[in-house]
Amino acid sequence: MLDGVLSAAVLWARQADPAAASDRWRGLYLDQATAEALAAGGGPLAGLRGTPAPLAAACLHDHGFALLRTMYGLSDFELASVALTAAAELDARYGRVFGFLHDDVTRRLPTPSLAIGLFSDGAAERDVARRALTSGALLARERILHAEAPENEPLLIAPLRLDPQIRQLLLNEPGVDPRLASFCTLRAPRPQQGTLAPEAAARLHAAAERMREGRRLRIALAGPSGCGQDEAADLLAEWSGHPLLCADLRAFPHASGDPALLLALLRREALLADAVVRIDNAETLAPELHPLLEAELPRIAPALVVATPPGSWLVPAAARAGLAPVAFDPPDAVLRARCWRDGAAAHGIALDATD
């Protein structure tokens with residue numbers, strides 16, 4: 001669909017300037033006739049009279065684009081602009097087409113001016129389209145795509161670039177956003193041996209059922225470490241049918257980037273992957289980062305599981321954020337015996353009561 005739009009634009013540009021295709025220096029100089037046409041309001045896309053609706057409709061057949069429309073309510077123009085920007089990441093030939101349409105062989109990335117020319121018609125539509133690509137509009141505010149204008153250059157001719165996280169989504173690249181990779185992993189739930197205390201297992205199973213019904217979940221695994229929290233997070237993800245996005249905040253201070261941005265990216269990673277988020281070692285965060293994390297806790301979806309050791313600042317913070325506590329006490333003798341028996345059996349060792 002995008003190829004069709006660009007083909008029409010190239011055809012119009014060639015008709016408007018028949019010598020363009022055979023001019024080996026086109027894009028490196030400006031002749032008098034072209035300058036007069038530009039001054040009169042012409043240009044390579046003037047009169048194209050495009051509409052973004054067909055391309056936006058085609059985009060919705062793709063999971064990534066459909067997810068962006070659902071998450072952010074993108075307009076047809078915004079969705080088409082994302083597709084235009086993604087094209088440059090998919091195939092190098094688009095760069096040459098963009099250079100031709102820009103009348104500048106050095107400009108191989110799409111620009112707001114190109115998107116406006118392709119997907120809007122009339123002064124009113126062009127004004128709406130222009131505002132959609134400004135730095136304060138939805139696409140830039142939600143870090144979907146942005147125009148990088150060099151100093152002293154207008155935004156209209158600045159290259160459009162996808163956020164790396166959105167690029168990974170649309171290109172179906174594996175793994176988490178590189179900016180999160182130092183402290184986050186995304187994986188499938190690991191098989192468990194069922195060594196949780198019965199009460200905790202029952203509460204988690206009920207929570208997983210609610211999640212399968214489409215409800216958001218907030219759970220605090222309250223208790224000393226090593227009492228089954230690891231197993232609980234995997235079981236909740238397994239029972240609810242979601243992957244697990246694990247964030248170990250011990251490594252958070254060593255991640256490069258603004259802490260607020262990293263937490264916002266973590267929140268969006270969970271939405272894009274439709275994952276259960278497990279946060280560990282939040283008690284190690286520097287005190288000045290506590291309010292930042294607490295503010296993010298209610299916003300993480302579809303499910304959040306946080307380990308809260310006794311005495312941690314996170315215990316009251318989790319309660320204020322609406323996380324339901326599930327107690328994880330040290331296992332009693334019966335549960336410890338079962339752990340030994342099941343663990344040994346997994347390695348082909350049979351233990352009797354005396355053992």
Side-chain angles (χ1 to χ4, degrees), residues 67 70-73 141-142 176 180 183-186 189 196-225 227-250 252 259-329:
L67 188 56
T70 301
M71 285 174 59
Y72 298 110
R141 193 172 64 248
E142 294 294 344
V176 299
L180 301 176
F183 68 98
C184 289
T185 56
L186 180 67
L196 279 182
E199 319 82 64
R203 291 196 62 181
L204 290 171
H205 200 278
E209 286 300 313
R210 291 194 296 273
M211 189 174 172
R212 290 172 71 92
E213 295 168 3
R215 296 171 59 182
R216 293 171 53 162
L217 292 181
R218 303 280 181 279
I219 295 177
L221 309 178
S225 62
C227 295
Q229 292 95 328
D230 290 353
E231 180 181 359
D234 277 273
L235 283 174
L236 183 60
E238 181 183 3
W239 289 339
S240 60
H242 293 260
L244 193 62
L245 178 61
C246 303
D248 185 348
L249 298 191
R250 284 177 301 187
F252 189 75
L261 171 61
L262 292 175
L263 289 176
L265 292 174
L266 172 64
R267 171 166 35 94
R268 185 162 71 181
E269 193 78 32
L271 286 170
L272 297 179
D274 197 24
V276 173
V277 177
R278 167 184 157 188
I279 293 180
D280 289 306
N281 300 304
E283 67 277 6
T284 65
L285 280 182
E288 60 268 22
L289 297 179
H290 293 180
L292 199 59
L293 178 59
E294 183 174 347
E296 285 292 335
L297 293 180
R299 307 171 65 188
I300 294 176
L304 173 64
V305 178
V306 176
T308 58
S312 166
W313 69 272
L314 198 56
V315 174
R320 288 191 295 269
L323 275 71
V326 177
F328 282 79
D329 299 320

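Since the structure is predicted, the reported quantities are computational estimates derived from the model, not experimental observations.
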> So do P309 and E283 actually touch side chain to side chain, heavy atoms under 4.5 Å?
Replying inline: yes
> Is the shortest heavy-atom distance from the side chain of P302 to the side chain of D274 under 4.5 Å?
Replying inline: yes
I'd like to know if the side chain of [X] and the backbone of [Y] have a donor-acceptor N/O pair within less than 3.5 Å.
{"X": "S312", "Y": "T308", "value": "no"}
{"X": "R218", "Y": "L297", "value": "yes"}
{"X": "R203", "Y": "A327", "value": "no"}

Quick one: closest heavy-atom pair of [X] and [Y], and the distance?
{"X": "A307", "Y": "L314", "answer": "O-CD2, 3.7 Å"}
{"X": "A233", "Y": "L244", "answer": "O-CD1, 3.9 Å"}
{"X": "P243", "Y": "A237", "answer": "O-CB, 4.2 Å"}
{"X": "A260", "Y": "L292", "answer": "N-CD2, 3.6 Å"}
{"X": "A318", "Y": "A220", "answer": "CB-CB, 4.3 Å"}
{"X": "W313", "Y": "A282", "answer": "NE1-O, 3.1 Å"}

>> Checking R216 against L304 for the side chain to side chain contact (heavy atoms under 4.5 Å, CB included) test, could you report, in this order, the C-alpha distance in whole Å, the side-chain angles of both residues, the deciding distance, and whether it holds?
In response: CA-CA 8 Å; R216 293 171 53 162; L304 173 64; over 6 Å; no
Gap between atom [atom2] of [Y] and atom [atom1] of [X] - 0.5 Å precision:
{"X": "R141", "Y": "Y72", "atom1": "CZ", "atom2": "OH", "answer": "11.0 Å"}
{"X": "R299", "Y": "L266", "atom1": "CZ", "atom2": "CG", "answer": "11.5 Å"}
{"X": "L265", "Y": "L180", "atom1": "CG", "atom2": "CG", "answer": "5.5 Å"}

> Under the side-chain hydrogen bond (donor to acceptor under 3.5 Å, both in side chains) test, which residues partner R267, sequence neighbours left out?
Replying inline: E296
>> So, applying side-chain contact (heavy atoms from CB on, under 4.5 Å) with L245, which one of T185, V176, V276 is it?
In response: V176
>> Strictly below 4.0 Å, N to O, side chains only: are D280 and R250 in salt-bridge contact?
In response: no
> When you look at L263 and F252, which way does the side chain to side chain contact (heavy atoms under 4.5 Å, CB included) test go after all the steps?
Replying inline: CA-CA 10 Å; L263 289 176; F252 189 75; 4.1 Å; yes
> side chain to side chain contact (heavy atoms under 4.5 Å, CB included) between R278 and L221: does it pass, once the steps are laid out?
Replying inline: CA-CA 10 Å; R278 167 184 157 188; L221 309 178; over 6 Å; no
> Checking side chain to side chain contact (heavy atoms under 4.5 Å, CB included) for the pair L204/I219: CA distance, chi angles, key distance, verdict?
Replying inline: CA-CA 9 Å; L204 290 171; I219 295 177; 4.3 Å; yes
